[in-house]
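Written below as structure tokens is the structure these notes are about.
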Amino acid sequence: MALDLSFKQLIDAAEDGAATIGQPTCIAIDRIDEDPDQPRRSFDEQKLEELAESVRQHGVLQPIVLRQATEEGRYVIVVGARRYRAAKRAGLRNIPAFIHAVGSADRYVQMIENIQRDDLDAPEIAAFVADRLEQGDNQSDISRKLGKPRDWVSRYASVQSMPEFLQSKLAGSSIRAVYELYQAWREQPHAVETLCAAQESFTDAHARQLARKIRSEVRGSPADGEGPPGAQAGRSPIASPVALRPSERDGVTAIAEKPLNSLADRNARMSPSLTIRVRHQDRMGCLLIDRLASRGSRHAVLLIDGTEEAEEVPASTVTIEEILFA
């Protein structure tokens, strides 16, 4: 039986040098246990049965990865729980496997395999991110180790802070859609909860539109596309000038031109009298007008909602959503 070893390269890269030992070997299935802490919690029964039928016909073409268990002679699955379950259903007594070189599982290896196969649901990914944060990794660490954008990690990190009714929407809506509603809920919880009680699921575009509408109604300004005929949409690139009333323009100029001579001056600039709400990619946040980007004038400093660290991004990728005056 020929073995497809291509996935070994992904495992080796993810482990950052902690490679498997030698060639795959056949291990008795009754000596193998699943890892109770693996990220994946649920398995699609129909897909599992289809894989079991494939195993009956062709065998296990891709070895699983095991590590030594604390009990002598037993092994714990690092990668390949679905293949292991399918092999058991197919009646196999042995399964091809690599033996992992270290004594404990690499959670990132398990996560990468499941992400690559698109096998995890949103709550499972969110639970993994929450666990890594609790273990001391920050969002940048998680982003780098999984090879995912920082905003991808931020959205899943926010799930633990969402109310239960929003978390339940992840069953039928994408993380992007639920994250949009979460941002609106932080400002108007009752309105979002009422909305979610009347609808089971949301598309990304619909959730984004509803979230904007809720925020705009509360603040007394028309949502995008709801102004008088011919009116320009409320969003504009940050690089473009924003039309302000004279009193507003004077206030912005006074804040921008005041030198940072003392801590009091710095605090004055951070006053809530002016707030510029912006969008970067699919994340909402505030433009820090008192901070100059170290990378030059073509960059902006943002504080993304739900994060504690400011970040610098190209100004061309930022869109102004609202300018609020106290």
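No hydrogens, no waters, no symmetry mates; every other heavy atom, side chains included, goes into these values. Residues take their numbers from the sequence shown, with the count starting at 1.
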Query raised in the report: If you take all heavy atoms of Ala52 and Ala90, which pair is closest and at what distance?
Result: O-CB, 3.7 Å
**Report entry** Point-to-point distance, once rounded to the nearest 0.5 Å, from CG of Leu170 to OH of Tyr179
**Finding:** 13.5 Å
**Report entry** Short side-chain to backbone donor-acceptor contact, Ser173 and Phe202, under 3.5 Å
**Finding:** yes
Query raised in the report: If only atom types and distance count, is the side chain of Arg93 paired as donor or acceptor with the main-chain N or O of Ile27 below 3.5 Å?
Result: no
Query - Arg83/Glu34 ion pair, N-O < 4.0 Å - result: no
Query raised in the report: Any idea which heavy atoms bring Cys196 and Leu166 closest together, and the distance?
Result: SG-CD2, 3.8 Å
Requested in this report: Enter the distance from Phe98:CZ to Gln62:CD here, rounded to the nearest 0.5 Å.
Outcome: 9.0 Å
Query raised in the report: Should Ile320 and Met284 be regarded as members of a common hydrophobic cluster, given that ILVMFWY residues are connected when their side-chain heavy atoms come within less than 4.5 Å of each other, either directly or indirectly?
Result: no
Query raised in the report: Any side-chain heavy atom of Val78 within less than 4.5 Å of one from Asp35?
Result: no
Report summary line: On a heavy-atom basis, the closest approach of Val301 and Leu292 is CG2-C, 4.0 Å
**Report entry** From OG (Ser143) to CZ (Arg150), nearest 0.5 Å
**Finding:** 7.5 Å
Query raised in the report: Does Lys169 reach the main-chain N or O of Gln199 with its side chain, forming a donor-acceptor pair under 3.5 Å?
Result: yes
Report summary line: Taking every heavy atom of Ser161 against every heavy atom of Tyr182, the minimum-distance pair comes out as CB-OH, 3.4 Å
**Report entry** Ion pair Glu180/Arg283, N-O distance below 4.0 Å
**Finding:** no
**Report entry** Short side-chain to backbone donor-acceptor contact, Arg31 and Gly73, under 3.5 Å
**Finding:** yes
Query raised in the report: Would you find a donor on one side and an acceptor on the other, under 3.5 Å apart, between the side chain of Gln167 and the backbone of Met162?
Result: yes
Requested in this report: May I ask you to decide whether Asp305 forms a salt bridge with Arg277, counting only side-chain N to carboxylate O separations under 4.0 Å?
Outcome: yes
Query raised in the report: Is there a donor-acceptor contact under 3.5 Å from the side chain of Thr317 to the main chain of His280?
Result: no
Report task. Report yes or no: does Glu124 contribute a side-chain atom to a donor-acceptor pair with the main-chain N or O of Asp121 at less than 3.5 Å? Result -> yes
Query - Exam field: side chain Gln183 to backbone Ala211, donor-acceptor pair closer than 3.5 Å - result: no
Query raised in the report: How far apart are the C-alpha atoms of Asp151 and Arg155, what are their side-chain angles, what is the distance that settles it, and do they pass the salt bridge (Lys or Arg N to Asp or Glu O under 4.0 Å) test?
Result: CA-CA 6 Å; Asp151 59 306; Arg155 284 194 291 269; 3.2 Å; yes
Query raised in the report: Do the side chains of Ile64 and Val76 join up, straight or via other hydrophobic residues, at under 4.5 Å, putting them in one cluster?
Result: no
Query raised in the report: Ion pair present between Glu53 and Arg56, side-chain N to carboxylate O less than 4.0 angstrom?
Result: yes
Query raised in the report: Ala86 and Val55: which non-hydrogen atoms are nearest, and at how many Å?
Result: CB-CG2, 4.3 Å
Report task. Answer yes or no: is there an ion pair linking Asp204 with Arg208, defined by an N-O contact shorter than 4.0 Å? Result -> no
Show every donor-acceptor pair shorter than 3.5 Å between a side-chain atom in residues 125-134 and any protein atom, with sequence neighbours excluded, or say none if there are none.
none

Requested in this report: Can you see which heavy atom on Val60 is nearest to which on Ala87, and at what distance?
Outcome: CG2-CB, 4.2 Å
Query - Any side-chain heavy-atom pair of Leu287 and Val318 under 4.5 Å - result: no
Report task. State whether the side chain of Ser216 and the backbone N or O of Arg212 hold a donor-acceptor pair below 3.5 Å, judged by distance alone. Result -> yes
Report task. Working to the nearest 0.5 Å, report the span between OG of Ser154 and CD1 of Ile304. Result -> 7.5 Å
Query - Salt-bridge criterion met for Arg89 and Glu45 (N-O under 4.0 Å) - result: yes
Query raised in the report: Is a donor on one side and an acceptor on the other found under 3.5 Å between the side chain of Tyr84 and the backbone of Ile32?
Result: yes
